[in-house]
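Working notes, beginning with the structure itself.
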Amino acid sequence: MSLIAQIIVNIPARSINKMFSYQIPEPLGNVGVGWRVLVPFGNRRLEGFIVEIIDAESSGLKSIIDILDEGPWFDQHMLTMARWISEHYLCSLAEAMRLFIPGKSGVKSKVLYRTAQWDDPNQAEAYLGKVSPSARLLYESILQQGAVSRTQLEKQFGPQTAKLVQQCLRHQLIRLDYATSQVMRPKLKTVIELAVPAETVEARLQASARYPAQCRLLTALLTKSQLGPDEVRNLGIGHDTVKRLVASGLVTTRQIQIRRDSYAGRRHCPADIVLTTEQKKVLADIIPYINKKQGQSFLLHGITGSGKTQVYIEAVAAVRQAQRQAIVLVPEIALTGQIISRFKARFGDDVVVMHSKLSVGERFDSWQRLRRQQAGIVIGARSAIFSPVVRLGIIIIDEEHEFTYKQEESPRYHTHQIALARAALEDAVVIFGSATPAVETYYHALRQEHKLLTLTARVDNALLPEVTVVDMREELRLGRRSVLSLPLQELLTQTVARREQAVILLNRRGYATFILCRECGHVIRCSHCAASLVYHHAGNLLRCHYCQVTQNVPNVCPKCGSHYIRYFGTGTQKVEEEMAKLFPAARIVRMDQDTTGGKMAHDTIMDDFARGKYDILLGTQMVAKGHDVKNVTAVGILSADAVLNLPDFRSAERTFSLLTQAAGRAGRGNKPGRVVVQAYNPEHYAVLAGLRQDYGLFYQEEIKNRQELNYPPFCRLVKIIVQDKNERKTRQTAERAAADLRGLLGGSHPGEVIGPFTAPVAKINDLYRVIILVKTTNLRAVRDSIRKLDWLNAKEILIDIDPLTTM
DNA sequence: AGCACGCCGACT
DNA sequence: GTCGGCGTGCTC
């Protein structure tokens with residue numbers, strides 16, 4: 001009997017959802033629950049997480065190889081959360097635990113190939129006789145290089161590498177070796193410090209002026225106690241000078257950890273803010289819970305421009321006052337520069353920013369700072385909900401209605417649910433903030449599950465913009481075929497003439513350009529997905545929006561050879577061309593995925609626009625969000641209701657929130673705004689309510705529909721996607737799964753099984769897709785039933801609890 | 001997820 | 001007869 005570590009290996013496959021037991025070797029006796037370790041697994045070495053220590057018979061078990069951190073990575077809360085996630089979302093514990101580590105798989109165990117060693121030197125020749133000439137070449141290449149990685153071998157031997165390696169391995173010519181690299185390490189720099197008292201140095205300086213470089217360095221050290229490598233170099237001092245001084249015992253060098261922070265040194269814009277009466281009232285509701293350390297969730301419903309961010313800042317200040325930490329979540333970090341700079345202005349280095357474009361190193365450093373409580377506030381996209389803050393006081397979810405809070409890959413979690421669970425565990429406050437709350441959130445607020453707080457007045461008392469709707473069917477009847485309706489053209493003309501700025505939003509979904517042959521009607525489609533390819537002006541390419549494959553634009557129709565092929569639909573690029581024709585004098589800038597590829601490209605375009613370098617900003621949904629540009633007085637929304645036609649129960653909600661947000665862009669500051677909305681269904685309640693910025697009207701209609709059709713919040717959904725490269729097999733698996741579910745849910749369990757039906761995009765990446773939908777009022781029961789089914793772990797089956805769309 | 005083992009078609 | 005396809009099963 002001895003201590004055994006129960007370990008979850010970091011492999012994201014539901015099929016190995018279990019623990020493995022390992023011996024704890026003598027030198028690693030201090031490890032315990034929550035540590036990340038390196039373990040042998042099959043013939044590989046993997047990262048593993050210790051989740052339990054038990055006392056049991058240990059013979060025959062392999063041993064932990066090494067530790068990966070200086071202490072436990074997971075604390076008790078994180079472990080509880082991970083278990084909750086794996087149960088709630090039906091994923092493996094490994095998948096859930098990976099959410100809590102930066103860079104998913106922190107350890108990369110790299111395989112190296114070496115030649116085998118024998119006692120008898122002739123042995124190699126004997127084995128070599130048995131393999132093919134190319135395998136012999138491979139062996140010799142490895143012999144020469146000592147140790148070779150797989151990638152290097154593949155460069156030399158191409159696609160047949162695998163076979164050759166197998167051959168050599170089989171005949172014992174080569175063996176595998178492992179080089180384990182730990183990606184996440186603190187970044188260090190060497191600093192130079194005095195090793196003796198200042199007086200000694202001064203004496204030394206007076207005694208000898210013979211070594212000018214040494215004297216310069218010593219003098220510098222008298223004023224600044226620590227010098228980094230850059231500073232030493234700037235003094236014009238080389239390595240040997242430093243070495244000599246170290247040898248003489250006057251100075252020492254030391255390694256210190258430095259912080260990788262791409263936001264460091266950016267300038268911020270502090271502002272003295274007087275809170276409005278409404279803001280004060282809302283805060284008076286929130287802050288007592290923070291001070292009492294009492295868990296409570298709030299929905300902060302505040303119209304655009306009502307100063308929600310300031311409420312967040314004050315609430316976070318109260319949390320920091322109470323020595324606790326804050327997690328602030330934003331839908332997309334690239335679109336949120338203003339929140340970040342306002343938090344930075346108020347809290348300075350207490351804020352760390354977390355997003356997907358951080359290097360693993362930067363992320364690691366930020367996590368360390370939070371864990372050591374050197375930083376108290378983390379701002380980030382949804383994954384920041386997993387930040388290792390130790391004393392959680394508040395979680396803020398800004399623009400809570402945004403779909404980016406749902407992760408669309410396994411584990412398919414919704415940030416709201418994680419936030420509520422985590423906050424409950426640590427008695428923290430949650431604030432969901434939005435001008436257009438998700439119907440479900442608002443419903444829950446009305447049922448007292450969240451406290452509802454409202455901000456109804458704009459901070460700057462700006463007036464609501466004047467909104468005009470253009471019925472595009474009417475435009476067409478009048479013979480106007482331009483994507484820009486006459487009223488919008490007029491608005492733009494006036495705006496540009498007045499030297500004011502305009503934002504044009506193109507709701508591109510469903511309106512991207514595709515290529516069609518006018519002779520035979522053939523549409524160029526992706527060969528791997530059931531979707532048409534989209535034309536991109538940049539690079540003159542066709543791209544599939546599902547699998548990202550690109551191909552060149554053909555000159556003739558690939559089906560009938562006709563030259564009469566042309567572009568259809570309205571992409572941003574096409575609108576840009578048309579606008580350039582209509583307003584040759586206007587300076588137009590386009591912002592979409594094509595133009596914002598770079599790290600800060602989005603910020604750059606936005607900054608330039610804010611500084612008046614352009615008259616018209618044209619773009620996809622990203623132009624609608626979060627930015628205050630005071631000189632924008634006109635907003636045009638093209639095809640405002642495009643998504644209304646999607647067969648999805650949330651399309652009205654999406655339309656309403658887009659319209660409201662976009663219209664809110666106009667007329668901040670003291671200039672009145674004007675908005676032109678182009679729509680094909682201007683009488684739809686989502687459009688009408690959006691135009692009036694009337695959330696109440698929208699909610700009233702929408703909740704009626706949801707109830708009538710039995711959709712959330714009146715039921716919970718479970719979406720099961722079956723995907724397989726064989727079309728018939730996909731169908732069969734789905735039929736069987738649906739039958740199983742009907743069998744389980746038929747009796748006492750309330751649940752309705754819909755489908756299987758073919759997904760709207762029937763094939764993605766060569767995988768056919770069939771969907772089953774379960775509606776239920778007892779999610780727990782449905783989940784427990786599914787867990788019993790034998791196909792749960794099949795890799796063809798994806799399970800989405802509370803999916804955002806039914807498509 | 002890898003990777004080995006194992007069972008059926010086209011090649012030296 | 002062997003090489004090589006990828007279906008199945010295992011990893012403490």
Side-chain angles (χ1 to χ4, degrees), chain A residues 1-25 28 31 33 35-66 86 91-98 101 103-113 129-136 138 149-151 153-154 157-172 174-180 409-411 724-726 728-730 732-733 766-767 790-798:
Chain A
M1 298 292 267
S2 59
L3 290 184
I4 291 177
Q6 298 287 81
I7 287 176
I8 295 288
V9 287
N10 185 358
I11 294 178
R14 270 180 296 170
S15 51
I16 34 174
N17 191 9
K18 61 171 184 176
M19 294 186 295
F20 292 87
S21 309
Y22 288 89
Q23 288 186 55
I24 302 168
L28 302 181
V31 299
V33 169
W35 285 65
R36 300 188 316 144
V37 291
L38 188 67
V39 290
F41 194 70
N43 51 10
R44 301 183 282 167
R45 288 158 178 223
L46 290 178
E47 180 180 40
F49 313 126
I50 303 182
V51 291
E52 239 178 275
I53 301 279
I54 56 167
D55 200 6
E57 179 53 45
S58 70
S59 61
L61 297 179
K62 292 187 182 175
S63 282
I64 294 172
I65 297 168
D66 204 356
S86 88
C91 67
S92 71
L93 191 50
E95 279 179 292
M97 293 183 83
R98 278 153 67 89
I101 56 172
K104 304 239 185 244
S105 57
V107 199
K108 291 219 169 73
S109 163
K110 212 170 122 194
V111 177
L112 290 178
Y113 297 90
K130 293 183 188 167
V131 301
S132 66
S134 12
R136 191 184 182 120
L138 181 110
S149 75
R150 182 72 178 218
T151 3
L153 281 178
E154 268 163 9
F157 295 91
Q160 51 170 344
T161 313
K163 293 179 212 162
L164 300 179
V165 166
Q166 287 246 321
Q167 239 186 78
C168 288
L169 278 172
R170 221 179 5 249
H171 292 97
Q172 300 173 50
I174 60 173
R175 63 196 168 85
L176 294 179
D177 198 4
Y178 301 91
T180 306
E409 60 193 53
S410 184
D724 196 289
K725 51 185 186 292
N726 179 329
R728 224 187 66 235
K729 220 176 121 195
T730 314
Q732 282 171 355
T733 312
D766 286 324
L767 296 173
D790 57 348
W791 43 260
L792 171 67
N793 290 331
K795 63 176 189 304
E796 295 81 19
I797 290 181
L798 312 177

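Protein chains get the first letters and strands the later ones, always in sequence-line order, with residue 1 at the start of each.
With rounding to whole Å, A:Arg44 atom CZ is found 10 Å from C:dC12 atom P. Here the C1' atom of nucleotide C:dC12 and the CD1 atom of A:Ile53 are 14 Å apart, to the nearest Å. Distance A:Ile8 CD1 to B:dA1 P: 16 Å, rounded to the nearest Å. At whole-Å resolution of the value, CZ in A:Phe41 and P in B:dG2 are 11 Å apart. Rounded to an integer number of Å, the gap from A:Phe20 CZ to C:dT11 C1' is 5 Å. One interatomic measurement links the two molecules: CD1 of A:Ile7 to P of C:dT11, which rounds to 16 Å at whole-angstrom precision. We find that CD1 of A:Ile50 is positioned 16 Å from P of C:dC12, with the value rounded to whole Å. Note: CZ (A:Arg45) to C1' (C:dT11) measures 15 Å, nearest angstrom.
Residue A:Lys795 is out of contact with every strand shown, counting any heavy-atom pair closer than 4.0 Å. At a threshold of 4.0 angstrom between heavy atoms, the contacts of A:Ile4 with the nucleic acid are absent.
If you take CG on A:Leu46 and CZ on A:Phe20, they are separated by 9.5 Å, rounding to the nearest 0.5 Å.
Every side-chain contact (heavy atoms from CB on, under 4.5 Å) that A:Ile53 has, sequence neighbours left out, goes to A:Leu3, A:Ala5, A:Ile24, A:Val33, A:Ile50. With sequence neighbours excluded, the residues satisfying side-chain contact (heavy atoms from CB on, under 4.5 Å) with A:Asn793 are A:Arg14. With sequence neighbours left out, the side-chain contact (heavy atoms from CB on, under 4.5 Å) criterion links A:Asp724 to A:Asn726, A:Lys729, A:Thr730, A:Glu796. For A:Ser21, the side-chain hydrogen bond (donor to acceptor under 3.5 Å, both in side chains) partners are A:Gln6, not counting sequence neighbours.
Residues A:Ile11 and A:Phe41 come closest through the heavy atom pair CD1-CE2, 3.8 Å. Scanning all heavy atoms of the two residues, the minimum distance from A:Cys91 to A:Pro411 falls at SG-CB, 3.6 Å. Scanning both residues, A:Ala94 and A:Val9, for their nearest heavy atoms gives CB-O, 3.4 Å.
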Collect all protein-nucleotide pairs involving nucleotides 5-7 of chain B in which both atoms are nitrogen or oxygen and the distance is under 3.5 Å.
none

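Pairs passing the side chain to side chain donor-acceptor pair (under 3.5 Å) check and including a residue from residues 49-66 of chain A, sequence neighbours excluded, read A:Ser2-A:Ser58, A:Glu57-A:Ser59.
Non-hydrogen atoms lying under 4.0 Å from DNA chain C are contributed by A:Leu61, A:Lys62, all within residues 57-66 of chain A.
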